[in-house]
Amino acid sequence: MTMTQPLTADGVGASARRPDADAKVRGDFAYSSDLWHDAMAWGATVRSPHPHARVVSVDASAALALPGVHAGLTAADVPGVNRYGLEKRDQPVLAEDVVRYVGEPVAVVAADTPELARRAAGLVEVAYEPLPALTDPERALESPALHEGGNLVRHLRIRRGALARADVVVTGEYEVGMQDQAFLGPESCLAVPAEEGVELYCSTQWLHIDQDQLAGCLALPKEHVRLTLSGVGGAFGGREDLSVQAHACLLALRLGRPVKMSYGREESFAGHVHRHPARMRYEHGATRDGRLLYVKADILLDGGAYASTSAAVTGNAACFATGPYEVPAVEIDCRSVYTNNPPAGAMRGFGAVQVCFGHESQMDKLAAALGMDPVELRLRNAVSTGSTMATGQRVEGPAPVAELLRRVADRPLPPPAADDPRLLPGGTSNSTRADRLVRGVGYGLSVKNICKSAGYDDYGTARVRLFAHEGEAVAEVHTAAAEVGQGLVTVQAQIARTELEVARVTILPADTEVGDAGTSSASRQTWMSGGAVRAACLAVRARLLERAAALLGEPAGALTIGGGAVTSSARSITLAELLAEGDVDETAVFRHRFTEALDPETGQGDAHVAYAFAAHRAVVDVDPELGSVRVVEIACAQDVGRAINPVAVEGQMHGGIAQGLGLAVMEEIRLRDGRILNPSFTDYLIPTTMDMPPTVLDILELPRPDSPYGLTGVGEPPLLSAPAAIAAAIRDAVGPAAAAALDRIPMTPEAVATAVLDA
Amino acid sequence: MTQFLSAADLRHAIELKAAHPDATLIAGGTDVMVGLNFGHRQESRLIDISRVAELREWSRDGDTVRLGAGVPYTRIVEELGGELPGLARAARTIGSAQIRNRATVGGNLGTASPAGDALPPLLAARASVEVASSRGTRAVPAREFFTGPGRSVLETDEIVTSVRLPVAAGPQQFAKLGPRNAMVIAVASVALTLDPEHRRVGCSAGSAAPTPVAAAEAEEFAAAELDWTGGELPAPVLARFGGLVAGATSPIDDLRGSAGYRRHAVAVLARRTLTWAWQELWRS
């Protein structure tokens, strides 16, 4: 078979340019916060100041007395079921008799201007009777139930093999703080009442699950709640749960007028879920020559006030608690609990990030106990194709874990620190000099599932229409898949170009007029919606060939498509001519292979579609006296199966590393009595360009047998082991005595300096 | 609603402030606007002084620089690195480029936050703050300007017009500690000046007490103990100096750091700034 040169550039495998790139760089791109309707009113939210309280009464009369204030709604005004939630509908749209976290919405108001709406929200009088707040997850199971059925969200037990006597045993306790997604575009939407129901323009990760929940809350048939995706300013899991959507729809339907809602940064911290804080106890047993014999892990995740995706995060944390290593025996207990802290839910890495810090910290500790090089210890235990994971699932498809680690380990090390202040810990703050620094190198290996797991019937839908325009064939692709910044719109067009060999591809706005695409999370969307686009294109292609076969009088199998035409041995007919008799319009649904739920007693089962792996090496300079850190370089190697768009893959790797760096050294939502103490980018710090080091990226392309083009998901792996590698590098820099105390991320300068002082 | 008054020149600004003593002055707006946007402050009236030309100038008169309160930090970095190296070093650490383009020394003085990065260099250099009102003008030593967090000796009808600082008589240092490598509020900072001719040391710490503080005892100790003829800096002198500067602080535990860590950081930064200034003195 000869490969024909594709008709168009920018097909699969090319670094096609994002269609929204120029507008985003220029600041012209319309995000959901830019949505506008001339007739719109503005909504604002009244939130609980208490972590736990009985709501005695809500009185909006003072707010409604202000001219220009048009509505003040409470739970009593929710026409449908006053509950939403991704796994369990346990979260009220507006609180009823009880509030369970600081920031929980209690009422919403609408007014002519945003300032007036905010003022009106401040005038809504809510009488609370404070209740004891449960803010320590360790005490959740012995405390009075916050929800019917108690405070345990999920307990997943994984048991495999018999714990053997080990030559060397290391134990450790580790903690991960609460990270925020810190997307730059806060929650916002515009709800427009329609003849039937409501039209909602919003930024979300999954239009159809929003639609499903909204229909229930609004007591409308699903088809009367029509959603269109607007410009999404980042997501990272924080837009899986509803935020402004139900409130804006309630107000718009009540007023018969478009209503816009838009959070500021401070409100955004209360408006979405965060990464689960984790406390982990580990015990690793190994032979003297560094073979893992068993791993015991006891993991506690603070789920906060409502379930959100806690159960699935619990599943992931348990499944990946031992990391990408062969372990003959495991005893893992992972629990998530309800507390009166802000709800935790999805965030890039989804449970695998927290345990990666745990298992990698343990691997370093074990290497030290064995007197073995930490790279060598990892190589000896790394899984490969055919290995068995903790859940008993066999690793199918490429698993180049050892290769990834060798690649980062074999990179030359960066030169020692020089006295350029921009490259020193503290940056231009002028707090140190090169001669005061110690350097450290650390490694991290990680594994995570790609796509949804545990029996979930996941699919993507795509509609592709091919039509003639000005003598040229144009493909139009329509899905409900959310472009959240990852570049999905680029990838969809690349697939259509490759499969249909047309130059012109239009991607329609994502909305609920087409079938469900599933969520833009779990590193699944290129696989699932990309797979659906490809399937729809193949169906279009087949129809075209049928048409051509009839016209040319030859069997479809004897025809080829290319160069804007269908060609037989004798004749050729242009696509535009073929399309003259009508468009070709096909919708396809794409499913990945089925998975199974884990056994509730043993946690065994083939629960995952695929595993993705990444390796990180971090090099850091630490000022031990002050504790400040400069990450000098991150090397990351990742197997992506097939890079559909190599530049987009690099972008995911840069971003994942930056977000991992943030968790490693600075990002944490600080809580006191359930209240967020730092709800601003002044005090919730994310890495700046002065913190982000040069990266050395190594993209492997080992095609999978079971995915479109052999690809695997790329969004999460580059984050997973970045924090673990950076933490390991800091420990390496400060030496073993101080390192022993560094068991928590983020490793702040104060924590590092204190560990050094106490050592 | 907030009333917004724009002052055309200094006299106008003084008149407006006299007429509306409750009004808040706004120049760069890098602090005031954050407070307004977060709803942390409500202002019935703002007086915009960003157009007041007199405030946006600096001049040199012999050994003194008169720095207008409205000169943005970017200009201090670009134009005053020679005359006022300590202040220029501090200016470099403030916020982002955008913030430095707007923010002013007058703003740091008016806000009177103990974390104002430009303040320790003013105290270390023994600057004086010039204030004006319809009642006249007065000069207040920077070391006596602050009375508490967010509080100063400024009367409600007064405007900070300028700061007078001696032209550097020797090396000046500023070092700041924060949990990020840029755009960060100081957990602790130290400013230090050496005047070899008069054998004087200036030293002040920020973010480590209710106000920026001068470390007078440490200054006297160092002035007396340093070998001004060019000797080494003995380790015990350095250690004692760091301890004395830390002793001048009275930090609290807060979100950004514990009192103990702040005190430790002040001692470390004091030792370092003295070391670097001393090395600079004898290199030249």
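Chain identifiers are assigned alphabetically (A, B, ...) following the order of the sequence lines, protein sequences preceding nucleic acid strands; residue numbering begins at 1 within each chain. Every value quoted in this text rests on a predicted model; they were computed, and no experiment measured them.
Of the possible polar contacts, one joining the B/H264 side chain to the A/E625 backbone as a donor-acceptor pair under 3.5 Å is found. Without hydrogens or angle criteria, B/R180 side chain to A/P687 main chain gives no donor-acceptor distance under 3.5 Å.
The shortest side-chain heavy-atom distance between A/P749 and B/Y261 falls under the 4.5 Å cut-off. Side chains of A/L685 and B/R256 form no contact here, defined as non-hydrogen atoms less than 4.5 Å apart. Residues A/R630 and B/N181 have side chains in contact (heavy-atom distance under 4.5 Å, counting atoms from C-beta outward). Within the 4.5 Å cutoff, no side-chain heavy atoms of A/F681 are placed close to those of B/M183.
For a residue to count as touching a neighbouring chain, one of its non-hydrogen atoms must lie under 4.5 Å from one of that chain's; by this rule B/S258 touches chain A with backbone and side chain alike. Looking at B/L269, only its side chain comes within 4.5 Å of chain A, counting heavy atoms on both sides. Using a 4.5 Å cut-off between heavy atoms, A/T748 makes no contact with chain B at all. Looking at A/P746, neither its backbone nor its side chain comes within 4.5 Å of chain B, counting heavy atoms on both sides. Only the side chain of A/D683 comes within contact range of chain B, with heavy atoms under 4.5 Å apart. Proximity to chain A (any heavy atom under 4.5 Å) is shown, for B/V187, by neither the backbone nor the side chain.
At a heavy-atom separation below 4.5 angstrom, chain B is approached by A/A753, A/L757 within residues 751-759 of chain A. Listed by sequence position, the residues of residues 116-123 of chain A in contact with chain B number zero, using a 4.5 angstrom heavy-atom cutoff.
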Requested in this report: Any chance you could lay out the salt bridge (Lys or Arg N to Asp or Glu O under 4.0 Å) test for B/R272 and A/D623, step after step, and finish with the verdict?
Outcome: CA-CA 12 Å; B/R272 290 184 182 182; A/D623 179 339; 2.6 Å; yes

Report task. In sequence, state the C-alpha distance, the side-chain angles, and the governing distance for A/N430 and B/K176, and then conclude on side-chain contact (heavy atoms from CB on, under 4.5 Å). Result -> CA-CA 7 Å; A/N430 188 43; B/K176 159 174 154 179; over 6 Å; no

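Among A/L677, A/T428, A/V665, A/L626, the residue with the largest count of heavy-atom pairs under 4.5 Å with chain B is A/L626.
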